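A quick write-up on the structure given underneath.
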Amino acid sequence: MWHSFRNLLRHRALIQSLVARELKARYRGSVFGFLWSFINPLLLLAVYTTVFMTIFTPPQGEGVDTQPYALFLFCGLLPWTWFSASLLDASNSLLVGGNLIKKLLFPAEVLPIVSVLANGVHFLLGLPIYFLFWFVFKTDAVSLHALWLPVVMLVQLVFTLGLALFLAALAVHFRDIRDILANVLTLWFFMTPIIYPLSFVAERAPWQITWVIGYLNPMSHILNGYHTAIFAGELIPWKRLPVTLAVALLLLFVGYFFFDRLRDSFPEEV
Amino acid sequence: MPAGAAIIIDRVSKQYRRFAHTHRFLTLKSAIVGGNMFAALAPDQIFTALDDVSATVERGETFGVIGGNGAGKSTLLKIIAGTTKPTTGDAEVKGKISALIELGAGFHPEISGRENVFINGIMLGLTRAEITERFDDIVAFAELEEFIDAPVKNYSSGMYMRLGFSVAIHVDPDVLLIDEVLAVGDESYVHKCLDKIAEFKRRGKTILFVSHGLETVNRLCDRVMWLRDGQVQVIGDPPRVIGAYRSWVAHKEEESLAAGHQRRLEEAASDEAVEEQQPLVGEDAPTAAQGGRAPAEEAPTPDLGAEGADKQGAEAPYEPGRWGSRQVSIEEIRLLDAAGEQRYVFACGEPMTIEMRLSAAKPVEDFVFGVGIFNPNGVCCYGTNTDIEKFEAGSLTGEATVRVVIPELNLIEGTYYLDAAVHRRDSFTYDYQRGLCRFRTTSTVGDVGVARLQHTWEFDGSVVWQRTGGIAPAGE
């Protein structure tokens with residue numbers, strides 16, 4: 001496994017060019033081209049904002065201001081899209097890139113990693129849009145606590161990579177994973193404080209749910225990190241986030257180990 | 001590692017595992033419920049693609065691998081390339097390796113040829129700077145200067161292959177693996193590729209060459225390995241190994257042709273059993289009334305006259321079968337070689353004898369024996385009968401043997417069908433066996449057409465050859 005890891009480091013240039021290729025190929029042939037990286041989150045934001053402005057009242061948490069709601073929502077939606085799209089792409093990546101694994105001398109883990117990184121670039125492209133809207137909706141300046149953002153992103157990156165490697169390897173043997181995953185992600189979306197603040201659940205949900213959302217779900221802590229750092233402009237949860245990072249690192253280790261164990265079966269199964 | 005070895009294949013075996021469909025479901029269940037994923041992934045069936053293969057390829061050597069389909073050639077190449085791991089054993093390669101296994105495997109259809117060259121090059125182990133340096137050469141060799149900025153999805157398969165080949169060859173490896181990649185691309189490009197490979201050879205690079213093109217293998221390789229059912233059959237000089245392989249192939253074809261002959265005879269017999277249910281055909285009844293599978297086919301044997309052939313082509317395709325009244329029946333057809341042994345595969349130019357064993361239920365006075373040789377397109381390559389050759393029938397009683405002795409079977413390489421018949425001069429058929437007997441001719445020369453015309457080449461003094469060729473006399 002250590003050998004594989006060192007081998008992976010040697011393939012930085014490959015990962016870099018594959019991420020670039022992924023981004024280039026994605027919108028090739030469409031009219032707006034690269035602009036879609038900006039338009040997509042905008043449209044998504046428009047949909048959710050419309051729903052929560054006209055049909056539902058935005059969920060309010062105890063002592064937490066979620067106004068303006070569009071900004072609150074966008075703050076959670078952007079990283080979630082990175083997370084869910086990464087997992088969906090990664091679980092497909094070995095099957096789509098089967099040719100590469102079979103025909104070229106190619107470290108397979110590059111493919112799920114590229115999926116996560118390419119979606120990460122989309123996330124980064126969404127951030128300027130977010131801050132643009134910040135100045136439209138809110139008059140005050142962005143808090144200095146927004147500088148914690150890279151830390152939160154790092155935790156999310158590690159967590160997503162671990163899961164992505166695990167799912168990608170599993171999906172080679174069980175194609176069912178892709179369908180299961182899509183549904184699990186929908187559930188997971190609602191079990192994570194994205195459309196509501198974390199404190200919202202504690203007030204009304206049964207304790208089991210509160211427990212899952214408030215403690216067990218790593219994405220809760222990561223999303224809460226985004227909310228506090230950007231939206232609320234406060235110090236990130238400095239106790240929970242390191243714990244989440246530890247869990248994420250463990251998951252990355254386990255995921256990579258699992259991937260490495262199944263590696264030899266990929267060329268025959270994809 | 002012995003000094004100078006470039007590739008060492010050490011007792012390599014490869015087993016492929018197969019899983020039943022239900023097995024998958026159970027595995028997922030037990031993986032979820034019991035958590036014993038690794039144990040549950042045990043296979044149901046094991047297929048051995050390579051069995052204890054060992055070989056050493058010296059530096060600078062061109063090493064060929066031949067063998068039938070499924071003999072494990074490609075698996076071996078993948079193991080050497082490192083894309084597949086051997087189940088047991090070890091394959092070691094010294095130096096930088098480039099595999100021409102699946103050309104353009106890494107191409108992304110949506111982006112341009114230019115971008116693909118870079119990404120493919122990086123995948124094959126080049127740095128960006130190295131690719132920039134070689135870019136013009138790569139494009140020039142692929143002959144794609146005009147199209148390099150078009151998306152690869154718009155390329156023809158030939159363009160795709162050329163670009164893939166060009167990138168792979170410009171990696172400038174120490175060891176080059178080539179697997180039957182020259183199948184695409186027009187002839188001139190194939191020659192260009194072969195020249196490039198020869199240039200590699202001159203520069204002292206190691207090449208491992210897998211191909212079905214035995215002539216190319218013979219020309220390029222220093223040594224050849226013949227793989228058979230995953231095992232090394234023999235390793236040695238190209239002419240010897242290729243010769244051994246060819247005769248094995250001939251032997252195998254012989255067996256399958258013999259089995260086919262037997263099967264078709266049985267099929268024809270059972271077809272006739274059905275036809276006999278129909279009203280019996282009297283000796284003088286119009287032959288068309290026979291119905292069944294031979295309507296109006298009572299042309300003089302064999303159907304070789306221009307008229308007959310045309311009619312044949314228009315109305316009924318060449319289809320094996322047997323029909324006739326059987327007053328005289330062909331009991332057996334055998335193809336014999338010079339030694340009188342029954343064979344189904346003949347070298348072009350070898351002697352062949354067609355032997356028919358006949359039996360006449362009642363003595364007949366009007367009879368014609370005929371044979372015809374057809375190729376798979378239904379083209380009559382040659383046909384004749386005793387009537388055409390002005391034999392006049394006397395009488396035929398009881399058992400008889402008819403032999404057509406061909407001193408030189410000058411048919412080009414291919415599969416042929418034999419028609420044999422006994423009929424009356426007015427085309428009423430006693431027994432007609434169409435295509436029930438098949439044989440193959442083999443040739444070491446790739447001449448084309450239908451038959452080989454006897455010839456020699458003559459040149460005047462101003463023509464100089466590095467090596468003289470020509471068709472060797474039969475039987476060598």
Side-chain angles (χ1 to χ4, degrees), chain A residues 4 7 10-30 33 96-108 110-111 114 118 166 169-180 184 254 257-270, chain B residues 14-19 24-25 27-29 31-32 37-38 40-41 43 47 49 75 78-87 93 97-112 115-116 118-129 131 151-153 164 168 177 179:
Chain A
S4 300
N7 198 18
R10 283 219 317 272
H11 285 90
R12 280 182 314 247
L14 176 60
I15 295 179
Q16 201 187 336
S17 51
L18 281 177
V19 169
R21 176 180 94 169
E22 200 65 34
L23 297 173
K24 272 180 198 156
R26 188 134 175 180
Y27 299 122
R28 196 49 68 92
S30 60
V96 171
N99 245 345
L100 300 178
I101 308 174
K102 256 194 286 200
K103 311 286 166 58
L104 291 171
L105 194 50
F106 194 88
V110 163
L111 294 172
V114 164
F166 180 78
L170 204 60
V172 170
H173 286 275
F174 310 107
R175 312 276 154 113
D176 324 53
I177 293 294
R178 287 178 288 173
D179 297 290
I180 297 172
V184 167
V254 171
F257 176 77
F258 183 79
F259 193 94
D260 209 43
R261 276 291 300 262
L262 289 181
R263 173 194 305 278
D264 293 344
S265 64
F266 297 154
E268 288 155 42
E269 291 289 331
V270 292
Chain B
K14 176 72 185 176
Q15 273 137 17
Y16 282 106
R17 305 165 305 164
R18 288 184 195 157
F19 301 96
R24 270 176 188 283
F25 177 71
T27 325
L28 182 56
K29 207 174 80 180
I32 292 169
M37 172 84 184
F38 296 119
L41 272 176
F47 169 74
T75 307
K78 279 184 201 157
I79 286 174
I80 296 170
T83 51
T84 305
K85 288 222 166 67
T87 315
V93 179
I97 190 170
S98 180
L100 300 182
I101 294 183
E102 192 85 358
L103 296 173
F107 286 169
H108 192 295
E110 291 288 345
I111 62 179
S112 72
E115 287 161 309
N116 268 310
F118 276 91
I119 290 177
N120 209 240
I122 288 173
M123 284 178 187
L124 293 174
L126 290 176
T127 63
R128 195 161 272 277
I131 302 168
V152 164
K153 65 176 174 185
L177 308 179
D179 184 9

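All of these numbers come straight from a predicted model, not from anything done at the bench. Just so it is clear: chains get the letters A, B, ... in the order the sequence lines come, proteins before strands, and each one is counted from 1.
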Next item on the list: Rounded to the nearest 0.5 Å, what's the gap from CD1 on B/Ile119 to NZ on A/Lys24? Could you check?
Entry: 6.5 Å
Note to self: Under the criterion side chain to side chain contact (heavy atoms under 4.5 Å, CB included), I'd like the reasoning laid out for B/Ile122 against A/Gln16: C-alpha separation, chi angles, the key distance, then a yes or no.
What the structure shows: CA-CA 10 Å; B/Ile122 288 173; A/Gln16 201 187 336; over 6 Å; no
Notebook entry, point to check: Where does B/Lys153 contact chain A at under 4.5 Å (heavy atoms): side chain, backbone, both or neither?
Noted result: neither
